[in-house]
Amino acid sequence: MDPASVLASGELLKWTNYVLGWQIRYFKLTRDGYISYSVSKEDNNGTKGSIKIDKMILQLHKHSEVRFDIVTPTVTWYLRAHTPVDRDTWTGIIAKHREILPQSQEGSVVMLTESSLQVASDLNLKLDELNSFKDSLSQQLSEIRSTLNNESPKLKQKLATIQATVSGIVATSANCIEMFEEREQFWQEQIAAEREKSRKLEILYTATNRENSELIKNNTPQGPLLNEDEFFDAIEETLDKMDNLEEKLQNLEVETKKPDTSSDKKDHRMYNQMQDLINKYVELSKQDPESEPSWQCLSKSGETKIYRKEEEKDGVLLDYLVATTTVQGVTAAEMAEVFHNGKLKLEWDHTIEADKKLETLDDYCSVYHQILKRVWPTAQRDIVYASHKQKLEKPGEHPSWIVCNVSCDHPSVPEGTSGYTRATIEVVLFCQTVCDKTDPTRKDVSCRIVYSASVNPGGWAPSAAVRAVSQREYPKFLKKISAFAVDHVKKNEIAF
């Protein structure tokens with residue numbers, strides 16, 4: 001391709017599915033009005049897809065400053081720029097070039113206008129389609145009139161009437177959509193306000209019942225009855241106190257610091273299971289797959305290697321699939337925190353739609369309910385799991401860290417009641433710091449990782465297919481979390 005024909009090019013993140021998540025792709029906008037993408041700049045296998053920009057609409061994401069979508073009636077590209085400036089640059093160039101392109105003779109399916117750069121609802125998309133069809137029909141009627149210049153004036157008058165009718169239909173549809181949106185916004189605000197009132201009244205009702213129970217129990221005589229004004233004044237005062245208490249609790253939660261060492265609490269229900277799993281994978285991490293014939297190397301890519309091992313223990317055939325890699329500039333404690341911390345996980349794992357903590361078992365072990373993004377046409381899946389992080393100390397060495405995520409049951413989200421297909425997992429990340437300096441810098445530290453993930457997606461799925469997907473996704477997962485961890489800690493003090 002002639003470089004002069006390329007108006008803009010560069011990398012954007014494109015959403016694929018919940019297994020692969022966001023993937024970097026190389027995009028080009030050319031003077032002939034096409035935007036296309038390939039796997040990388042050096043990819044010689046041609047483009048993976050292209051769209052004519054006069055047949056699409058741009059949608060800016062409501063809540064993200066880097067997200068935007070390219071929408072057509074047949075396909076939608078969900079895209080993320082690296083920065084808000086990059087997003088504005090791409091959308092601005094596309095909009096400007098669209099204005100100078102010659103109009104298509106077939107008419108656009110969805111025309112790109114200035115209003116298209118605003119966040120559009122489904123109703124607005126339908127209105128854009130109506131406008132496109134109106135423009136196309138008007139053009140066709142004009143061509144018919146020019147062809148029938150010498151024909152009956154009555155026929156030309158009828159064609160003009162049809163064109164005016166179509167324009168009236170589109171204008172009326174636009175008014176209806178605007179009215180629908182105004183009413184919807186009004187009722188959404190009313191519903192939100194009523195829900196908040198209901199929540200506070202429920203709390204007040206519970207507190208009042210508790211106080212009444214105490215009064216009855218202690219046989220304390222009640223005060224005089226309140227009139228209507230005094231009653232509502234008391235409610236308002238109580239609601240204000242509740243708001244102040246809620247604000248203080250939020251501030252206290254922000255100011256509270258987590259302890260630096262693992263909790264000594266050992267009586268929660270998942271403790272023994274976690275310790276058994278930790279012991280198994282600590283022994284596994286001590287083995288050298290390169291020198292032991294029981295390990296089979298399935299693939300190598302730079303520092304990342306994937307091994308498989310089968311062994312029989314107590315009459316049970318155990319099948320291990322593990323990946324190893326080394327990450328420069330990160331310690332074991334920092335890598336384990338990135339993997340274990342629920343808030344950080346939402347920043348680097350874009351296959352997750354929601355991750356809610358259900359229960360805290362101790363300072364380093366909690367139960368979560370995780371909902372994965374749905375990939376049509378498969379059913380959306382969820383996971384209930386306990387996540388445990390533990391420091392492993394050895395004299396004369398920097399401590400290692402291990403994180404175990406294991407499926408479990410929880411009464412608040414029984415299987416089959418959440419509306420999702422329940423998946424099960426057994427995921428272990430073992431991290432070991434490699435550093436021989438007494439006063440190291442970031443360049444002097446690295447983290448050796450042993451990672452294993454056993455995932456049953458739920459429903460029907462052949463084990464061979466699950467293993468094939470795991471083998472393909474291990475390197476991508478390690479590359480994604482490693483890059484995020486390096487960037488996340490590069491300006492922080494080294495933590496062991």
Side-chain angles (χ1 to χ4, degrees), residues 10-27 37 39-41 43 48 64 66-67 78-83 86 298-306 321-355 368 370-373 375 381 383 385 387 389 401-405 423 425 427-432 442 446-455 457 466 468-492:
E11 291 183 344
L12 293 170
L13 290 165
K14 181 178 182 293
W15 174 256
T16 53
N17 53 53
Y18 83 94
V19 176
L20 301 178
W22 293 95
Q23 298 290 315
I24 294 178
R25 295 292 182 258
Y26 187 76
F27 285 78
Y37 75 92
V39 174
S40 64
K41 185 177 182 180
D43 186 14
K48 298 296 183 181
S64 173
V66 296
R67 279 279 310 275
Y78 302 98
L79 306 176
R80 282 177 53 206
H82 294 292
T83 65
D86 289 344
L298 300 180
S299 67
K300 294 183 179 180
S301 177
E303 291 283 348
T304 303
K305 302 174 184 178
I306 300 178
L321 185 67
V322 301
T324 64
T325 192
T326 301
V327 184
Q328 300 292 329
V330 183
T331 67
E334 293 166 338
M335 180 61 72
E337 177 64 15
V338 168
F339 184 69
H340 178 69
N341 188 304
K343 293 181 179 179
L344 292 179
K345 184 177 293 185
L346 291 174
E347 294 186 35
W348 61 265
D349 191 347
H350 301 292
T351 66
I352 301 174
E353 183 174 292
D355 197 24
Y368 295 86
Q370 187 177 101
I371 301 174
L372 303 176
K373 291 181 179 177
V375 178
R381 283 164 165 76
I383 308 167
Y385 68 99
S387 183
K389 183 176 74 167
W401 288 80
I402 190 168
V403 181
C404 303
N405 294 344
I425 62 171
V427 179
V428 178
L429 184 77
F430 174 82
C431 307
Q432 182 179 28
R442 281 285 169 198
S446 60
C447 179
R448 174 177 171 263
I449 294 175
V450 179
Y451 172 75
S452 177
S454 175
V455 180
V466 174
V469 172
S470 299
Q471 182 177 339
R472 184 185 64 186
E473 294 305 311
Y474 273 23
K476 295 180 181 179
F477 161 78
L478 292 176
K479 182 178 180 181
K480 186 185 298 182
I481 190 175
S482 299
F484 179 86
V486 170
D487 183 68
H488 180 69
V489 305
K490 62 183 179 182
K491 295 183 181 180
N492 300 342

Once rounded to the nearest 0.5 Å, what's the spacing between atom [atom1] of [X] and atom [atom2] of [Y]?
X	Y	atom1	atom2	value
M335	L429	CE	CG	7.5 Å
I425	I383	CD1	CD1	4.5 Å
T304	K476	OG1	NZ	13.0 Å
T351	F477	OG1	CZ	10.0 Å
W15	Q23	CH2	CD	9.5 Å
I24	Y37	CD1	OH	14.5 Å

salt_bridge(K389, E337) N-O dist < 4.0 Å: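 Yes, charged N to carboxylate O under 4.0 Å.
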Shortest non-hydrogen contact between [X] and [Y], atoms and distance:
X	Y	answer
E334	T331	OE1-N, 3.0 Å
V39	K48	CG2-CE, 3.5 Å
C431	A332	O-CB, 3.3 Å
V489	G329	CG2-O, 4.0 Å
G342	D355	CA-OD2, 4.3 Å

Check against side-chain contact (heavy atoms from CB on, under 4.5 Å), V428 and I402: CA-CA 7 Å; V428 178; I402 190 168; 3.7 Å; yes
Over 12 foreign heavy atoms within 6.0 Å of OH, Y26: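 Yes, the 6.0 Å shell around OH holds more than 12 heavy atoms from other groups.
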Cation over ring face, K345 and F339, 6.0 Å, 45°: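 Ring-cation test returns yes.
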Is the shortest heavy-atom distance from the side chain of [X] to the side chain of [Y] under 4.5 Å?
X	Y	answer
V427	Y385	no
K305	K300	yes
W22	K480	no

R442 side chain to K491 backbone, donor-acceptor under 3.5 Å: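 Checked: no pair found.
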T16 side chain to G21 backbone, donor-acceptor under 3.5 Å: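 Here the side-chain-to-backbone pair exists.
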